[in-house]
Amino acid sequence: KAGVTQTPRYLIKTRGQQVTLSCSPISGHRSVSWYQQTPGQGLQFLFEYFSETQRNKGNFPGRFSGRQFSNSRSEMNVSTLELGDSALYLCASSYLGQRGETQYFGPGTRLLVL
Amino acid sequence: AQSVAQPEDQVNVAEGNPLTVKCTYSVSGNPYLFWYVQYPNRGLQFLLKYITGDNLVKGSYGFEAEFNKSQTSFHLKKPSALVSDSALYFCAVRDRGNAGNMLTFGGGTRLMVKP
């Protein structure tokens with residue numbers, strides 16, 4: 001099976017702009033989670049989607065949003081970008097997001113905000 | 001709330017020697033525990049997990065980890081390190097009692113294996 005894919009891999013934006021990142025989960029996986037990785041804060045959970053519904057949300061401002069489509073593909077959007085939003089954004093998928101299922105991560109999208 | 005601590009920012013080991021990367025956790029209930037590895041400019045690769053049962057878990061690339069409930073630890077080990085094991089290692093926990101699929105990660109430990 002193909003792994004989790006994320007597009008684009010690299011992105012440069014300026015403050016105040018918005019950005020949309022895309023994630024395609026492993027075929028058959030219905031749970032998609034997003035994480036932000038920065039040198040200062042480490043890996044932090046953003047949100048999880050299952051069957052087009054947000055099931056969990058981390059402690060991020062409302063500028064961070066996401067959605068999931070009927071084919072389980074997911075997008076996350078960051079509006080009014082700030083310099084501190086520069087990070088590696090990782091998407092992970094699992095079958096149902098239940099019990100001890102393993103989450104499989106994509107290669108990430110590296111966002112640089114200037 | 002759940003949390004994970006990786007007390008060492010970096011671990012240095014000579015090739016061929018055993019390695020240990022430490023992880024302690026805190027959850028309100030019983031945990032699911034995971035180890036991931038990250039190579040430069042890559043995402044996280046799954047190594048192994050503890051769900052239930054045997055406290056010694058074997059994973060990919062010769063890695064193993066031991067779940068110790070009394071010490072709330074889940075240390076990653078390998079009997080003989082390779083230079084190619086040099087990478088960033090993350091321990092993660094999920095509380096069984098929580099709905100959804102949120103993982104809480106430790107800060108990461110950089111493993112340097114020298115020839």
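Nothing here was measured: the structure is a model prediction, and the numbers come from that model. Convention: sequence-line order gives letters A, B, ...; per-chain numbering from 1. As a basis for the values below, the full set of heavy atoms in this structure was taken, side chains included, without hydrogen atoms, waters or symmetry mates.
For the residue pair A:S65 and A:F47, the shortest heavy atom distance occurs at O-CZ, 3.4 Å.
With a 4.5 Å cut-off on non-hydrogen atoms, B:Y50 does not touch chain A at all. At a 4.5 Å heavy-atom cutoff, the contact between A:L90 and chain B is made by side-chain atoms alone. If you measure heavy-atom distances from B:Q38 to chain A, the contacts under 4.5 Å come from the side chain alone. For a residue to count as touching a neighbouring chain, one of its non-hydrogen atoms must lie under 4.5 Å from one of that chain's; by this rule A:Q41 does not touch chain B.
Of the listed residues (A:Q44, A:E101, A:Q6, A:Q37), the one with the most heavy-atom contacts under 4.5 Å to chain B is A:Q37. Among the candidates A:L88, A:T102, A:L46, the residue making the largest number of heavy-atom pairs closer than 4.5 Å to chain B is A:T102.
The pair A:R15-A:D85 fails the salt-bridge criterion, with no side-chain N (NZ, NE, NH1 or NH2) lying under 4.0 Å from an Asp/Glu carboxylate O.
In this structure, B:Y25 and B:F67 have parallel ring planes: the angle between them is below the 30° cut-off, well short of the 60° mark.
At least one donor-acceptor pair under 3.5 Å links the side chain of A:R63 to the backbone N or O of A:S79.
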Contacts under 3.5 angstrom, residues 82-89 of chain B side chains, donor-acceptor by atom type, not counting sequence neighbours:
residue	atom	partner	partner atom	Å
B:D85	OD1	B:K78	NZ	3.1
B:D85	OD2	B:K78	NZ	2.8
B:D85	OD2	B:L82	N	2.9
B:S86	OG	B:V83	O	2.9
B:S86	OG	B:V113	N	2.9
B:Y89	OH	B:D85	O	2.6

